[in-house]
Engineer: 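Pasting a structure below so you can have a look.
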Amino acid sequence: MKHHDPSRRFLPESAVDYESCLNPAQLEAVLTREGPLLVVAGAGSGKTRTVTYRVARLVEDGIPPSSILLLTFTRKASQEMLHRCTELLDDRCRRVAGGTFHSFAHAVLRRHAGRIGFPEGYAIVDRSDAESLIAALRKEFHSRHRERSFPTKKTLADIFSRSVNKGRDVQDIVLDEYPHLGEDIESIVELQHRYAASKMEHRVVDYDDLLLLLERLLREAQDIRAKSAETYRYILVDEYQDTNILQAKILHLIGADHRNVMVVGDDSQSIYAFRGANFENIMRFPEMFPGTRIIKLEENYRSTQPILDVTNAIIAQARRKFTKHLFTRNAGGMVPQLVQTPNEKSQSRWVIDTVAQLRRCGIRLGRIAVLFRASYHSFDLEIELNREGIAFIKVGGFKFMESAHVKDVLAHLRVLANPYDRISWLRILMLLDRIGPKTAQAAYDAVVRVGRGHEGLFAGKDRCIVRKELDGLRDLFRRLEAIPRSHPGELGTAVLAYYKPLAEKMYDDHPRRVRDLEQLTAIMERYESLESFLADMALEPPTAAADNHLTGEWRDPDRLTLSTVHSAKGLEWDAVFVLWALDGRFPSQYALEKEKDLEEELRLMYVAATRARERLYFLCPAYAFDRATGTVLNRPARFVADLPENLLERVYLEGMDGSSGFEMRW
DNA sequence: GTCACTGATCACATT
DNA sequence: GATCAGTGAC
């Protein structure tokens, strides 16, 4: 590959010393200002650095920051990049537009959704709300098909979502991926139409709608498309391997005019095919934007050579061959280990004891991570960590936002913002004594009929048996009405005051839950409007799991990180433990049948292993019973099982009782 | 109509 | 371990 002459002549008075901070390939990616650019960036190859420097370079070059659009996988990622960029250059970088495709879609649609016949004051529903809506519609269908069970709300939501994200009909998705539901296909299709109508009626959109509606808007409203292209003259997309076809179309619609589009990704780290991501987007990018310059970043700055040897050996097993081959100058270091333990308890013990040793070697807890395939895989370890008093933070899995008490409080606020939000109405009404589905539905109907927002609640005639309960709710809304929407913190405080007695009645652990809610109101203080708070909670909910502190700064140097592999994307630690490297756990049981799914598990294992800088341990309990399938799991993960001893050292622990004393080799 | 209980079924990753 | 459908007491 021929690269630019990285001569200083390019940058006579630059505030940033690009040449000495970047290798030639990175430098080329940073200095190529115009035209489409595809950066294939291997794990640990300085991808974030490259994007950061490129943004800084554009700003320094006089491009107005607000005409740069940085699209990332999570908003945290874009904030972090722009923060680094600000440190590198100056405050101008703060004005760069950054976020996820979903948040970008919301920003455009909230102003222009009317152009394609969608109400602009819509609310965004998260996955579990979407499922509730589907569940309500599903009931009728179930009574129709008494003979056999109808798919669950979760399965239905999955099917609908895949249909949107893969750009295929529901029929095709069912036939391909859920063949056992073939008989229900007509009902599923009809239910999908009802679901769409129901969302429209209640003025809500789900995640997929955001992308779908944005694509439609840009396609149908030429003026808006042209204006967006004009506004965002430089577009950067991170993690391009995890975008789907719809996102690629959106990118093309905004980027085709000026073609100043840079995408960064790594096909071997694509781990979101299950939700419709298509890593072939990377291969197709040059077709979509002819004249694309392709740059490969192959030097790895993260890991030692022995770790890189193992990760290269893992990804080499992919049927689909990847052209990159990573290298490092960081020779030496410990050979990664596959540690076989008798059972789960001993797995947890070994991790804890090894973490203790690492700390004695001077490695802080914040530099260590335990990764796993599924959130529940760490339950036993969490118990042991608590027992030992080792602080940890868990990322992924059950979230703060999903806990009932948080959803309850938010539902009150959402009704205030969008009185057509049926899900939230039913939720808050059914919190009250003697109000079940029927009464709640009647109250909701009255609200819609009266058509004066939540005031409709005052107009309905209630049965005397529930009068007292409803009066309490009315009082709350009267109080909320007196508070301006621009003070979400006060709104939250008022709702909490109302909700607290309810929580005390419902939950025996109410003190903890109320503390959570106080955190929530503290978060609300930071917002300028109720609507922006609610949109953020749907699009970018706080990441920490429910029982962790919500103080925001989760990268605490004195806490061990427990994370799903998916949530660990893009991050790195000095030492990484991969739990349950056992066939049937990781790779997942459900992926063993289909070649395509298995290949994604392989990439997932690759992502897990490439998080490590210096030390890497795969843990494999020798035996586990899988209750779901009734099978016995006793084979190490196939991706690492057969790697030669010189790449992956075997450690066998025997005769442990799970609580103490055993041999450990380093 | 509501609510609290039962037993059967199915289980991943997430914007 | 959660979800769902069905039951019977208030």
Side-chain angles (χ1 to χ4, degrees), chain A residues 71-78 99-106 124-128 130-132 134-135 138-139 142-143 145-146 148-158 161-162 164-165 180 205-211 239 242-244 246-247 270-277 371-377 379 395-399 401-402 404 429-430 432-442 463 465-466 469 535-541 543 563-569 580 584-592 597 600-601 603-605 607-608 626-630:
Chain A
L71 294 173
T72 53
F73 195 72
T74 64
R75 199 183 42 179
K76 202 169 71 208
S78 82
T100 62
F101 271 94
H102 292 87
S103 68
F104 174 67
H106 175 56
I124 302 166
V125 291
D126 64 15
R127 181 53 181 262
S128 72
E131 285 180 11
S132 310
I134 291 170
R138 174 183 179 275
K139 283 206 178 97
H142 181 258
S143 42
H145 306 233
R146 273 189 181 280
R148 59 177 185 280
S149 65
F150 198 62
T152 62
K153 58 179 183 177
K154 188 181 180 316
T155 309
L156 292 164
D158 265 346
S161 183
R162 277 167 203 246
V164 172
N165 286 299
H180 58 289
V205 302
D206 62 23
Y207 291 139
D208 303 324
D209 291 330
L210 286 170
L211 300 181
E239 308 282 11
D242 287 322
T243 56
N244 61 38
L246 211 41
Q247 288 165 319
S270 160
I271 53 176
Y272 280 93
F274 74 90
R275 71 171 210 215
L371 306 181
F372 31 85
R373 175 69 181 82
S375 192
Y376 68 91
H377 291 172
F379 285 168
V395 188
F398 193 76
K399 304 278 193 333
M401 293 294 303
E402 281 153 25
L429 288 164
M430 296 202 320
L432 304 172
D433 263 356
R434 295 168 193 284
I435 297 186
K438 284 278 153 55
T439 312
Q441 180 62 48
R463 302 193 344 268
I465 197 164
V466 295
E469 276 76 19
D536 257 24
M537 287 306 108
L539 286 172
E540 292 281 329
T543 48
S563 174
T564 59
V565 181
H566 284 91
S567 297
K569 184 164 82 159
W580 286 113
R585 283 272 200 284
F586 191 1
S588 155
Q589 190 74 246
Y590 313 103
L592 298 182
D597 294 343
E600 178 145 309
E601 299 288 311
R603 294 193 297 268
L604 196 56
M605 185 67 85
V607 168
D626 189 62
R627 251 197 281 142
T629 53

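Chain identifiers are assigned alphabetically (A, B, ...) following the order of the sequence lines, protein sequences preceding nucleic acid strands; residue numbering begins at 1 within each chain.
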Engineer: Out of B/dT2, B/dT14, B/dC12, which has the shortest distance to the side chain of A/Thr564?
Structural biologist: B/dT14

Engineer: Nearest of B/dG1, C/dA5, B/dA13 to any side-chain atom of A/Ala374?
Structural biologist: B/dA13

Engineer: Counting side-chain heavy atoms from CB outward, which of B/dA13, B/dG1, B/dC12 is closest to A/Ser588?
Structural biologist: B/dC12

Engineer: Can you list everything that forms a side chain to side chain contact (heavy atoms under 4.5 Å, CB included) with A/Ala135? Sequence neighbours excluded, please.
Structural biologist: A/Lys153

Engineer: Just how far is it from atom CG of A/Leu71 to atom OG1 of A/Thr100, taken to the nearest 0.5 Å?
Structural biologist: 8.0 Å

Engineer: Checking contacts here: which listed nucleotide (B/dT15, B/dC12, C/dC4) is nearest the side-chain heavy atoms of A/Thr100?
Structural biologist: B/dT15

Engineer: Set out, line by line, the N/O atom pairs under 3.5 Å between protein and nucleotides 4-7 of chain B.
Structural biologist:
none

Engineer: Residues two or more places apart in sequence or in another chain: which of them pass salt bridge (charged side-chain N to carboxylate O under 4.0 Å, His left out) with A/Asp158?
Structural biologist: A/Arg127, A/Lys154

Engineer: Any side-chain N or O of A/Lys153 under 4.0 Å from OP1/OP2 of C/dC4?
Structural biologist: yes

Engineer: For DNA chain B, what dot-bracket results from Watson-Crick or G-U pairs at under 3.5 Å, with [ ] for crossers and | for inter-strand partners?
Structural biologist: ||||||||||.....

Engineer: So, using side chain to side chain contact (heavy atoms under 4.5 Å, CB included) as the criterion, who are the partners of A/Ala538 when residues are at least two apart?
Structural biologist: A/Ile124

Engineer: Heavy atoms under 4.0 Å, any strand shown: does A/Tyr272 hit a base, just sugar-phosphate, or nothing?
Structural biologist: sugar-phosphate

Engineer: How would you list, by chain and number, every residue that makes a side chain to side chain contact (heavy atoms under 4.5 Å, CB included) with A/Arg585, sequence neighbours excluded?
Structural biologist: A/His377, A/Trp580, A/Leu582, A/Ala624, A/Asp626, A/Leu633

